[in-house]
Amino acid sequence: MNIKNIIVAASLLAAAGAAMAEAPYPPETPFQSTQTRADVKAELQRAQANHEIASRNEYPIIHQAPSQLSRQDVANQAQQAKTSAQNLYTGA
């Protein structure tokens with residue numbers, strides 16, 4: 001009886017897999033453009049001129065916040081933090 005149930009279950013799984021594989025998803029529908037290549041290029045140039053879209057070489061500029069500390073001050077703070085962490089770790 002067990003073998004019969006296993007065969008039935010396997011055949012149902014195979015049938016379900018075959019049923020799902022019949023149609024591609026998403027359905028393949030050919031794309032037909034209504035604009036010419038020149039129209040698309042002109043629209044892109046207009047959008048770039050109006051700053052609606054970035055051009056290829058424009059990346060967001062991230063300005064660093066101004067600091068009143070010197071390089072030595074930052075190095076001293078880093079050393080103090082390191083010493084402090086070591087003291088916590090060693091229990092001193």
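This structure is a prediction, so every number in the text was calculated from the model and none was measured. Hydrogens, waters and symmetry mates play no part in the numbers below; they use all other heavy atoms, side chains included.
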(message) If the condition is side-chain contact (heavy atoms from CB on, under 4.5 Å), which residues does Thr34 pass it with, not counting sequence neighbours?
(response)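 Not a single residue meets the side-chain contact (heavy atoms from CB on, under 4.5 Å) criterion with Thr34.
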(message) Let me confirm one number: the CD-CD distance from Gln72 to Gln77, rounded to the nearest 0.5 Å.
(response)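 It comes to 11.0 Å.
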(message) In the structure I gave you, are the side-chain heavy atoms of Ile7 and Ile3 within less than 4.5 Å of one another anywhere?
(response)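 Side chain of Ile7 against side chain of Ile3, heavy atoms only: contact under 4.5 Å found.
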(request) Kindly state each residue pair satisfying salt bridge (Lys or Arg N to Asp or Glu O under 4.0 Å) with at least one member in residues 62-86, sequence neighbours excluded. (result)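 Checked against salt bridge (Lys or Arg N to Asp or Glu O under 4.0 Å) - neighbours excluded - no pair reaches residues 62-86.
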(request) Could you note down all residue pairs passing salt bridge (Lys or Arg N to Asp or Glu O under 4.0 Å) where residues 38-51 supplies at least one of them, sequence neighbours left out? (result)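 For residues 38-51, and leaving out neighbouring residues, the salt bridge (Lys or Arg N to Asp or Glu O under 4.0 Å) pairs sorted by first residue read Arg46-Glu52.
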(message) Under the rule for side-chain hydrogen bond (donor to acceptor under 3.5 Å, both in side chains), what residues qualify as partners of Gln68, not counting sequence neighbours?
(response)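 Partners of Gln68 under the side-chain hydrogen bond (donor to acceptor under 3.5 Å, both in side chains) test: none.
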